[in-house]
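Here is the structure we will look at.
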Amino acid sequence: MLITQLKTIDEIRTLAGSKTVIISCEGCKEVHFPECEATELYKELSDNGTALKVIRTEYICSPENLDVATRKHIDKINAADTVLVFACGVGVQSASAQFASKPVLAACDTIPLPGYQGVTPLEVDCDQCGECYLNGTGGICPIASCSKSLVNGQCGGCKDGKCEVDKDMECAWERIYKRLEKLELLENMKYPAKLRNFAPEA
Amino acid sequence: MRISELFARGEFVLTAEVGPPKGFHLDHLLHEAEEFLQDVHAINVTDCQSSVMRVSSLATCKALKDKGLNSIFQLTCRDRNRIALQSDLLAAAYFGIDNMLALTGDHTVMGDTKQAKPVFDLDSVSLLHCVKTLESGFDIAGNELDGDPPKFAKGAVVSPCSDSVDVQLAKMERKIEAGAEYFQTQAVYDSEKFIKFMDKAKQFNVPVQLGVIIPKNAGMANFMNNNIAGVSIPAWVIEELKADKEKTKAGITGVEITARVIKECRDYCQGVHIMALGWESKVPALLTQAGLR
């Protein structure tokens, strides 16, 4: 099991920008999703004109499902400045890979619960760290995709874009930098030192 | 003495690196440091370099200090969490060691104890932030330190010849923001690449020491090219090492190549950092040939 929990309402309002398409992933039996709170927010963002479209679907962790669910709304997605994803970290990463030229942001943090983890695909991973970093990293997870789970940028072990630990593994921070460069969001790289919080959830 | 004060005075700062042994007998290391490294301003002590278990950097720094030599305490985030890192920094302060260099550290799988847990609770950036926090009189959890806080010259590293140089520059900026006061670079063999890098890095207005490794032979150069991130040795350097094997074996070619790189880059940086990797005995000749003493 895992739990997705909404980031603060104020943070989500900021993330939504001025024109957003919301992708809401619901129905996965392995995920607890805060449906009521999310629905209220969708209404607020639709009523004030921020949300161009709310796509309610399920299993966006699968690129095929995501493609089917979003294909008919692609004009709206192209017109949006942001794609705001209400899903676990895997869903956000699937969406950021699908819409690589668009800022894809996470509205939820993902935290683990013991037990069956479901049938999410292996191409992307979510460590359920509870403090989702995807919004600063172009939708590529530094926790799950970096051998050292570094949150402050590339280490000195990257050679030809590959990780020192495994020459077949791409350096996550190289990918993050390139994605942010493409999104013209390199300013995202300038933030004060981040420290992870390993305290168990109360 | 804090090397940040030397940079502030506009001195061209020379440092050299020593690697502690696998064992606790430091006599050889101390003898070499006293014999060959008297002319550098400070001696870096590596922290289980390449993830190979060795006696600690801190103990070695203290031993050097006892011999009257100024040391730089290298600290990686691979083996200690934030509690242990802060604790060791306070221990360094107690010993009067006031230079530190923050590194993320190689992954444990690169070394001789692959089964070890890679920690990486902090990284180079958050470690620098942590040192700055200690200097303000508080630990990273926000608790007040007893007595006067420690004060370090805070160093960091950067790879000018990395194939990801823009990503490295972005990280360099983060390190400065977190408190880095000087940089030592990964080994440089291609002056042109270094000068191009410095053209971009000079905007940060933080002193940078050119990093050099005296190449021992063509095999070592090829190995570094293939395996060491951030190192790129041009073909002409490898040809030079191949040309006269006896001369190369004696270290003469390696010193010539390194001295040339230093001379070519000198006007673009604020110091030199020599990683002798066992060839400490060549350091005096290198300094002479490079016109640094």
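Proteins get letters first, then strands, A, B, ... in listed order; numbering begins at 1 in each.
The heavy-atom pair separating A/Ala193 from B/Ala178 by the smallest distance is CB-CB, 4.5 Å. Heavy-atom minimum distance, B/Arg174 versus A/Lys194: NH2-N, 4.2 Å. Pairing each heavy atom of A/Met189 with each of B/Ala170, the nearest pair is CE-CB, 4.1 Å. Between B/Asp163 and A/Gly161, the closest heavy-atom pair is OD1-N, 3.8 Å.
For chain A, the nearby part of B/Val109 is the side chain; its heavy atoms alone come within less than 4.5 Å. Residue contact with chain B, scored on non-hydrogen atoms closer than 4.5 Å, is absent for A/Lys178. With a 4.5 Å cut-off on non-hydrogen atoms, B/Val158 does not touch chain A at all. B/Asn81 does not touch chain A: none of its heavy atoms, backbone or side chain, sits under 4.5 Å away. In this structure, the portions of A/Ser147 lying under 4.5 Å from any heavy atom of chain B include both its backbone and its side chain. In this structure, chain A has no heavy atom under 4.5 Å from any part of B/Leu127.
Taking the charged nitrogens against the carboxylate oxygens, A/Lys190 and B/Glu177 have no contact shorter than 4.0 Å, which rules out a salt bridge.
Between B/Phe120 atom CZ and A/Cys146 atom SG the span is 8.5 Å, to the nearest 0.5 Å. Atom CG of A/Leu195 is separated from atom CG of B/Asp121 by 7.5 Å, given to the nearest 0.5 angstrom.
Here B/Asp123 is the residue among B/Val157, B/Asp123, B/Val231, B/Ile140 with the most heavy-atom pairs under 4.5 Å with chain A. Between chain A and the residues B/Ser164, B/Ser232, B/Cys130, B/Gly230, the most heavy-atom pairs under 4.5 angstrom are made by B/Ser164. Of the listed residues (B/Gln186, B/Arg78, B/His107), the greatest number of heavy-atom pairs within a distance under 4.5 Å of chain A belongs to B/His107. When each of B/Val125, B/Leu122, B/Leu128, B/Leu103 is scored by its heavy-atom pairs under 4.5 Å with chain A, the top score falls to B/Val125.
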Next on the checklist: Let's go through A/Phe198 and B/Arg82 carefully: what are the C-alpha distance in whole Å and the side-chain angles of both, what is the deciding distance for side-chain contact (heavy atoms from CB on, under 4.5 Å) to 0.1 Å, and is it a yes or a no?
Outcome noted: CA-CA 11 Å; A/Phe198 288 96; B/Arg82 64 192 84 176; 3.8 Å; yes

Item to check | Test log, rule side-chain contact (heavy atoms from CB on, under 4.5 Å), inputs B/Asn227 and A/Lys167 | outcome: CA-CA 10 Å; B/Asn227 296 290; A/Lys167 283 180 180 162; 3.6 Å; yes

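In this structure a side-chain-to-backbone donor-acceptor pair under 3.5 Å is present from A/Lys148 to B/Gly105.
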